[in-house]
Student: 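Let me give you the structure first, and then I'll get to my questions.
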Amino acid sequence: MIHKEIGMDVQSPSLVPKGLTIGLAIFAVLLGLAGFGFRLMFGDSLSSMLPSLVSTIAIFWLGIPLAFVVGSKILNRYSGRAPIQNRNALTLGLLFSCVAMLWMMAAYS
């Protein structure tokens, strides 16, 4: 939020603590790696898992969180409402990503 009348930039505080965002990012990485660890333990080769690992990184670790951040930027630009902070959008994207990975793990077990 920019206060033009006093001539200084004041950033609105994020609703989400930074530790929660970092914790969800670590949890997302651990969830993704746990599935591949089990596959390695039960005899799959690393070369057969590589395409799946790349798609997990692209979709769940980068794609979904960045889609939420880009969506918040678009909403901030074209809506007249209070701005959505980037860290709030990133945390929501990471939470959605973790829930999606857990849902997929439950569906394939």
Side-chain angles (χ1 to χ4, degrees):
M1 177 176 217
I2 299 173
H3 295 285
K4 294 179 183 176
E5 60 272 358
I6 57 175
M8 60 187 324
D9 294 341
V10 177
Q11 187 71 14
S12 298
S14 177
L15 296 174
V16 179
K18 190 180 288 188
L20 183 65
T21 306
I22 294 169
L24 278 172
I26 292 170
F27 186 59
V29 170
L30 289 176
L31 273 176
L33 292 178
F36 294 111
F38 281 114
R39 286 179 61 183
L40 280 174
M41 273 193 325
F42 292 114
D44 284 355
S45 67
L46 188 60
S47 62
S48 69
M49 291 187 327
L50 197 58
S52 181
L53 180 64
V54 169
S55 66
T56 298
I57 291 170
I59 295 170
F60 293 106
W61 296 350
L62 298 175
I64 293 174
L66 288 178
F68 273 81
V69 171
V70 169
S72 74
K73 295 256 187 215
I74 292 169
L75 283 175
N76 286 342
R77 172 163 269 191
Y78 295 112
S79 73
R81 298 181 182 196
I84 301 169
Q85 297 297 319
N86 288 334
R87 192 167 67 217
N88 293 342
L90 179 63
T91 304
L92 183 62
L94 287 167
L95 179 64
F96 187 82
S97 178
C98 290
V99 169
M101 280 191 280
L102 287 170
W103 176 67
M104 287 181 64
M105 286 178 181
Y108 290 119
S109 63

Student: Are Val16 and Ile64 in one and the same hydrophobic cluster, where Ile, Leu, Val, Met, Phe, Trp and Tyr link if side-chain heavy atoms are under 4.5 Å apart?
Tutor: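 Per the 4.5 Å side-chain linkage, Val16 and Ile64 are not co-clustered.
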Student: Applying the 4.5 Å side-chain criterion to the ILVMFWY set and letting contacts propagate, would Leu46 and Met41 be lumped into a single cluster?
Tutor: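 No, no single cluster joins them.
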Student: Return the minimal non-hydrogen interatomic distance between Asn76 and Pro83, and the atom names on each side.
Tutor: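 The pair with the smallest heavy-atom distance is OD1-CA, 3.2 Å.
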Student: Please list, chain by chain and in numerical order, all residues satisfying side chain to side chain donor-acceptor pair (under 3.5 Å) with Thr21, sequence neighbours excluded.
Tutor: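 Scan of Thr21 (side chain to side chain donor-acceptor pair (under 3.5 Å), adjacent residues dropped) gives Thr91.
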Student: Just wondering, do Leu31 and Met105 contact through their side chains at under 4.5 Å, heavy atoms?
Tutor: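 Yes; the side chains approach each other to less than 4.5 Å.
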Student: Going by atom type alone, with no hydrogens or angles, which donor-acceptor pairs under 3.5 Å involve a side-chain atom of residues 93-101 and a protein atom two or more places apart or on another chain?
Tutor:
residue : atom : partner : partner atom : Å
Ser97   : OG   : Phe60   : O            : 2.5

Student: Which pairs pass salt bridge (charged side-chain N to carboxylate O under 4.0 Å, His left out) with one or both residues in residues 49-64, sequence neighbours excluded?
Tutor: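 For residues 49-64: none.
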Student: Output all residues satisfying side chain to side chain donor-acceptor pair (under 3.5 Å) with Asp44, sequence neighbours left out; order by chain, then residue number.
Tutor: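 Only Arg39 meet the side chain to side chain donor-acceptor pair (under 3.5 Å) criterion with Asp44.
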Student: Please check if the side chain of Asn88 supplies one atom and the backbone of Leu15 the other of a donor-acceptor pair under 3.5 Å.
Tutor: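 Yes: the side chain of Asn88 pairs with the backbone of Leu15.
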Student: Any pair with a residue in residues 23-34 that passes side-chain hydrogen bond (donor to acceptor under 3.5 Å, both in side chains), sequence neighbours left out, goes on the list, sorted by first then second residue, please.
Tutor: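 Residue pairs passing side-chain hydrogen bond (donor to acceptor under 3.5 Å, both in side chains), neighbours aside: none found.
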Student: Hydrophobic cluster membership, with links at side-chain heavy-atom distances under 4.5 Å among I/L/V/M/F/W/Y: are Phe68 and Val29 in one?
Tutor: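 Both belong to a single hydrophobic cluster.
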Student: Please list all pairs meeting salt bridge (charged side-chain N to carboxylate O under 4.0 Å, His left out) that have one or both residues in residues 63-81, counting only residues at least two apart or in different chains.
Tutor: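 Residue pairs with at least one partner in residues 63-81: there are none.
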Student: For Ser45, enumerate each residue passing the side chain to side chain donor-acceptor pair (under 3.5 Å) test, keeping only those at least two apart in sequence or located in another chain.
Tutor: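 With neighbours one apart ignored, the set is Ser47, Ser48.
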Student: So which pairs with a foot in residues 30-54 pass ring pair (Phe, Tyr, Trp, His ring centres under 6.0 Å), sequence neighbours left out?
Tutor: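 Residue pairs with at least one partner in residues 30-54: there are none.
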Student: Using a 3.5 Å distance criterion without hydrogens, assess whether the side chain of Ser52 forms a donor-acceptor pair with backbone atoms of Met49.
Tutor: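 No.
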Student: Among all residues two or more places apart in sequence or in another chain, which pass the side chain to side chain contact (heavy atoms under 4.5 Å, CB included) test with Ile57?
Tutor: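 Scan of Ile57 (side chain to side chain contact (heavy atoms under 4.5 Å, CB included), adjacent residues dropped) gives Leu53, Trp61, Leu62.
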Student: Side-chain contact, heavy-atom cut-off 4.5 Å: Asn86 with Leu90?
Tutor: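 No - every pair of side-chain heavy atoms lies 4.5 Å or more apart.
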Student: Run the side chain to side chain contact (heavy atoms under 4.5 Å, CB included) test against Ile26 and tell me which residues pass, sequence neighbours left out.
Tutor: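 Ile22, Leu30.
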